[in-house]
Every structure is written in C-alpha cells, then in structure tokens.
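The next block holds one structure in the form of structure tokens; read it before the comments.
Whatever order the structure lists ligands and atoms in, that order sets their numbers, starting from 1. Just so you know, these numbers come straight off a predicted model, no measurement behind them.
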Amino acid sequence: MNSIDSLLHEDRRFPPTPEFAASAVAGPELAEAAAADRLQFWADQSRELLHWHRPFTQTLDWTQAPFAKWFADGQLNVAYNCLDRHVLAGNGDRVAIHWEGEPGDTRTITYAELTAEVKKAANLLASLGIRRGDRVAIYLPMIPEAVISMLAIARIGAVHSVVFGGFSADSLRSRIDDAEAKLVITADGGWRKGKVFPLKKTVDQAVTETSVEHVLVVRRGENEVDWTEGRDLWWHEEIATMDAEHEAEAFDAENPLFILYTSGTTGKPKGILHTSGGYLTQTAYTHKNVFDLHPETDVYWCTADIGWVTGHSYVVYGPLANGATQVLYEGTPEFPEPGRWWQLVEKYKVSIFYTAPTAIRSFMKQGRQIPQASDLSSIRVLGSVGEPINPEAWIWYRDIIGGGTAPIVDTWWQTETGAIMISPLPGLTATKPGSAQVALPGISIDVLDDDGAAVEKGQGGLLVVTEPWPSMLRGIWGDPERFIETYWEKFDKPGARRRMYFAGDGARKDEDGDIWLLGRVDDVMNVSGHRLSTAEIESALVSHPFVAEAAVVGAADETTGQAVVAFVIVKASQADVATADEASSILRAHVAEQIGAIARPRQVYVVNELPKTRSGKIMRRLLRDVAEGREIGDTTTLADTTVMQIITDKLK
Ligand code: 7RM
C-alpha cells in the first residue's frame, strides 16, 4: 500500500465548465433520490430506462444472500430493449454502428437494419435447436456479427459465452466444456496487423469430443478452412434463408444472459454469471449518466474487444439500450499507421471516447504529433477503465486527446460488478487525476481494514461493496461454493453474514473521502487491462516437460501496467537439453500457445529454488521485488532464508 505515496501530492482539480454542467445529463438530483430511498431509486431508474413486457412489483429479494434477485416478478426481452423499441419510437434510421474493418472496408448499420439482422439470426439459432437457457460460445473478431450474435442469443433467452479471439484452443475448449455449449459461432479468420489470423482452425481443435453440435462460421478472412459436413455451417448461407420477422418473447428478469470467464486464484477459470433485468438497468444507467450521453447527437466509441466485460457492457448492452450511435473497429490501434484511431475519431466525429490506460501510455510514448495530425475537436468526454491511470497519463489524455477541456471519467468496476460502480459524474464532479473518486448514486462502497472496520480518511485498505447492486454477478457457473468463498466470506461476521462483497482490490480514501485504487491484492495480474492469474500461467509452464516448478508474478511495466514475469526450476533431467536462454524462449512461446499471446511472460528466469513459506506457499511478494529490481523485503517467514540470496546472485 506504499505505492500511494507519490499520488498523495496530487492536488490538481478539474471542475466541469459551466457550459458542460448546464447541459449535463446527470445532476445532483440523482444522488439525492438514491440517498432518500436506494431501492426506490433503482426501481425508478429501471422503469425509466427499460421497457418491461410485464412490469415488476418487487425491486430486490436478498433473502438468499449472497444470491440476489432484482425485479424478480418482471419480464422483459433484452434484445427488444436494445433494438425493436428504438425502431418503434421512430429512430429506425439512426445509425447504431459505424463499423470499420482493419483493411478499411466499412459498414453503416441503422437500428432498423440491426433489428432485422438480429431477428434473422434469432430464427437461425432456433432452427439449430437453441432454446432458452442453452449456452452458445462466441469466438469472433470485432465484426458486426459479434454484436448480432450476442443480441440474437439474448433475444431467444439463451446464454452467451464470449471467448476472446486471442485465446488458444485449450482455453476455448475448457470454457466450452465448463458451460457445456451446444453451438460455437466463429469466423474463418479475422484481420490483425495486415494479416488474417485463423479462428476456425482453433475452433476445430477445441470442439472435438465436446458438447458442441454445430459450428456456425461467418466469412470474414476468406482464408481456407477445413469443413466437417453436418457440423459446420456458413453464416451467410443460413441467414439468407431466414425470415426477418421474429417476435421477442418476454423472459424473467433473472433469466441468465451471459457467462464470461475470468481468471481466479486457482488455475480453473471462473464463469461469471450475469442475468437480464438488473444487468441491463445498471449498464443503461451508467452508460447514460457517466458518459453524459445525448443519443441524438453523440457519437460514442469504446475501444474494448467484445471478449472482455467492457465490450459486453459498453459496446453492446449499455449503448444499444440507450439508442446510441457508436463506432466499432476491427483492428489494433496502430495499424496500418500509428494514427489510425485518431483518424477514425476525426472521420466519425467521435464525441465520447472510452479506452484503457495501457493504450493511453503507448500513445504517449509515440508522441503528441500523431494524435495532433487529426482533428479531435469533436471529443467532449473521455473515459478510462481497466487499471489505475497514473496522473501523468491522465493529464496527457485530457490535454492531447481531450483538447485540454474534456472531462475524464475514471471508471472502476469489474467483470463481477457487471457495470461501472465508482466514477466521477462529468457535469458534477471536480475530477482528480488518478482517482476514480466516488461511488455512483445507488452504489454503496467502503474501504475496510483487515478486521472489517472502515478506514479513516487518508488510509488504505480493502475495497468492498456494502449493499447489493442491480448488475451484480449472480454466481460462478456451476460452483456456488466458490462464489461464496471468493467474494463473500472475507468479512463474514456473525450477524452480518454474506453482506459484504470483497472486490479483491486495495484502495485508499483521501481526505475528501475520494477513492484511489491500488491494484489487486490477490495473485491476479492485470496486463494491459486484462486480468490474468498467476496460477493459470504457472500451470501452463509446468505442463512443459522442461519445468519442475514455476512461480509467476506481475511486475510493474511502463506500457502494459503489469507484465508477466516467471521463475522456473528446470527438471534436473532436462538441465543439459537446453541452455537457460533457450529454455526461457521456448517457455515464453509455450505459454502463448497454451493460454494466448496476452499471457506470454516478459521474462522467464531459470532458478534453482523458489521462496516458500513453511506451509509450502510461494512468496510471490519477494519474487515481485526481484522482478521489479527492488531490495528484497521481509524474508522471515521463509522456510529457507538463504533462498533469496541464491536467486538474486544467480540473476546478477
Ligand atoms: C472493467 C474491468 C477488474 C479489475 C479491478 C481492478 C482493475 C478496473 C479500474 C481498475 C483502477 C480503474 N473488468 N480496474 N478499472 N483499477 N482504476 N478505473 O476491467 O474484471 O477485467 O478487471 O481491473 O483491479 O478489480 S475486469
């Protein structure tokens, strides 16, 4: 928690301009209403923001805590809320998606067109035997069919599990197995840095001997693919025969909407489960108020991939529920030239821009002349998500991308929270570089010490959510015990059972009571805004014949926030097979193949020993000291206190 020291001196404040405040969506009345009656506030928000086929009469059922039910006797259709009702309201000609492919091809899709596409896709899914509650895996690049698939699955009451297109066949397979998916929707290939990367090939490896009955393939890369007759179907051929009419059926508010896998502290990924009514309420509410959305005039762009929760909540459900116009881009930020993103901002006159600190830091490195070559004057709100944003990057973002005036909303939330929890409101809050600041109206958070007492202002501790919230996770797929243990037992005191959600993040309350995030307190790393678990990477390393033991830590990295650094002990029998350098590069490639390139260690150090406690737990804290080039901290709980000396001598 010492890492906060440098931030303590940050005292710059950026209040909204009077003009911004005057036309801001969110005013002080939100917080007043939430403070007066929190549950009534959420019920009002839900009724105002969504169309309920059957209105609810109950707001929250918390009798089975921590298993919450929100709006439980209401019924709605999530896709109808994102599509049909906008068309019925006369907004069918509004652009929903300005899509830009990496090679420069484009598609403009209105709400009417998107609605028709989703209806056809819903009919297609039904024709393949997908029913309410069935799981469908999506393994697609950032193309419109990714959004269409998610909404079509939601429309028929089925459950999607989007797997990031950069994950390996093994990762995809374990997620398919865990969810028992019946169908996979993929593409032949997608574009990345001027090349087509094969997706179908990975799916072919992942689906053998699984629950998967069909593989639906979108044509995008036009690369050669292998074909399994009877199992594989071309999206375009099937869609062409489908009716563009489909009536949206109403489902219970608690009908599951999606599972999204995230890393935990064991090697097994956790399937975070979200349901319908509460999730859509809070994603719509936050998207509207945090980003100050004026749907008739704004052009919104969230750069997240749909494989991460930010893509679910702030590319698909929040913006579409609110009838927003948005940009969707297939490629990486710097291809074919480093200014590509800024050219898109200029081209589409993007007014609200939401990205991650890791991207901002890499643009900072390239220099301001690259963004300054484009006209960014349309930008009026900037968002940040995924990790703490350092004040230097915050100021650069505001000055260079935001023209020195755009408010920055630093939004804290998690896959588990489903939607934004802590953030400034851009027309109200005087922002502070580096702080996510305040719980949104309707959200209750606190910072506790290890004994569960609220810390004083100026102190650090553990971030908790103290009251249930509409878009909270409803569980871990197939593992209710793990759900309780992971999130609800840390502060489980007699009389207050399972009422405190422990987020796993360290945080500090400053003198104004504003929140500063300090990073993960467990062994999960955050690389470029993506959470990776040490345990998963360690098990990948140990799966290689060279490796006897492995320990992985996240070390501070200028560009990616944290980088993966691995320490391995090579099996004695393999010691002569490769030099340490050779082993290191083989193992880095092995991890990329097993888990995906995002998990590739920055370094793999071959060592003779690992620091362990007497009970055999690896002391990653000490390895982090080595990886970050610091003096080694307290070693008194080590089983063998000489180990750290041996490791540091060896790496000199
Ligand atoms: C949305 C997302 C969640 C973890 C979370 C934090 C970190 C996210 C911020 C942040 C500081 C922020 N979901 N985190 N946002 N830390 N400031 N504004 O990222 O499930 O992938 O990760 O990310 O550690 O627990 S996630």
Side-chain angles (χ1 to χ4, degrees), residues 3-4 7 162 164 258-265 269-274 279 282-283 286-287 290 302-318 354-361 382-391 393-394 397 408-424 429 431-440 443 445 447 460 462-465 471-473 476 486-487 501-508 514-533 554 556 560-562 598-599:
S3 60
I4 202 70
L7 300 178
V162 182
F164 176 56
F258 66 85
I259 302 167
L260 185 58
Y261 287 87
T262 183
S263 299
T265 46
K270 294 183 285 195
I272 303 299
L273 175 67
H274 283 285
Y279 173 80
Q282 196 177 328
T283 51
T286 51
H287 181 258
V290 171
C302 166
T303 64
D305 191 279
I306 47 137
W308 307 104
V309 73
T310 309
H312 285 59
S313 301
Y314 298 106
V315 174
V316 181
Y317 294 108
Y354 190 29
T355 196
T358 183
I360 298 165
R361 285 193 292 267
L382 292 171
S384 173
V385 62
E387 52 185 316
I389 176 166
N390 47 306
W394 194 102
Y397 195 29
I408 296 177
V409 287
D410 177 359
T411 62
W412 179 88
W413 59 294
Q414 307 177 297
T415 304
E416 292 86 343
T417 70
I420 297 169
M421 304 290 278
I422 306 177
S423 170
T429 316
T431 53
K432 297 179 180 176
S435 172
Q437 295 189 292
V438 280
L440 291 178
I443 300 299
I445 60 141
V447 180
L462 305 173
L463 186 69
V464 294
V465 187
S471 64
M472 64 196 289
L473 76 166
I476 294 176
T486 309
Y487 303 108
Y501 171 84
F502 172 49
D505 279 8
R508 188 183 151 264
D514 285 335
I515 302 294
W516 298 73
L517 277 308
L518 302 178
R520 307 287 307 163
V521 296
D522 56 18
D523 284 319
V524 176
M525 289 163 292
N526 195 322
V527 179
S528 299
H530 301 150
R531 273 165 74 183
L532 304 172
S533 93
T560 58
Q562 282 188 312
I598 188 90

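In this pair, Y279 and Y317 present their aromatic rings perpendicular. The plane angle is above 60°, beyond the 30 to 60° band. In this pair, F164 and W308 present their aromatic rings tilted. The plane angle is within the 30 to 60° band.
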Trace of the side chain to side chain donor-acceptor pair (under 3.5 Å) decision for T355 with T303: CA-CA 6 Å; T355 196; T303 64; 2.8 Å; yes
side-chain contact (heavy atoms from CB on, under 4.5 Å) assessment of I443 paired with T417: CA-CA 11 Å; I443 300 299; T417 70; over 6 Å; no
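Using 4.0 Å as the threshold, A436 has no heavy atom nearer than that to any atom of ligand 1. Ligand 1 has at least one atom lying under 4.0 Å from a heavy atom of G386. Note on ligand 1: W413 sits in its first shell, one or more heavy atoms being nearer than 4.0 Å.
The shortest side-chain heavy-atom distance between I408 and W394 falls under the 4.5 Å cut-off.
When each atom of ligand 1 is checked for a heavy atom of V385 under 4.0 Å away, the hits are 1 (C). Every atom of ligand 1 is numbered from 1 in the order shown, and the set under 4.0 Å from a heavy atom of N526 is 7 (C), 23 (O). Within the listing of ligand 1, atoms 12 (C), 17 (N), 18 (N) sit less than 4.0 angstrom from a heavy atom of D410. Within ligand 1, the atoms closer than 4.0 Å to a non-hydrogen atom of V309 are 1 (C), 13 (N), numbered from 1 in the order shown. Ligand 1 places these atoms under 4.0 Å from at least one heavy atom of T411: 9 (C), 12 (C), 15 (N), 18 (N). The distance from ligand 1 to the heavy atoms of D505 drops below 4.0 Å at these ligand atoms: 5 (C), 6 (C), 24 (O), 25 (O). Counting the atoms of ligand 1 from 1 in the order shown, those under 4.0 Å from a heavy atom of T310 are 1 (C).
The backbone and the side chain of Q414 each have at least one atom closer than 4.0 Å to an atom of ligand 1 (non-hydrogen atoms only).
The main-chain N or O of N526 is found under 3.5 Å from a side-chain atom of Q562 such that the two form a donor-acceptor pair. Side-chain atoms of Q282 come within 3.5 Å of backbone atoms of I420 as a donor-acceptor pair (strictly under, hydrogens ignored). In this structure a side-chain-to-backbone donor-acceptor pair under 3.5 Å is missing from T411 to S423.
The two atoms that bring T560 and R361 nearest to each other are C-NH2, 4.1 Å, heavy atoms only.
For atom 26 (S) of ligand 1, the nearest non-hydrogen atom from the set L517, T415, I272, I389 comes from T415.
On a distance-only criterion, S384 and ligand 1 share no N/O pair closer than 3.5 Å.
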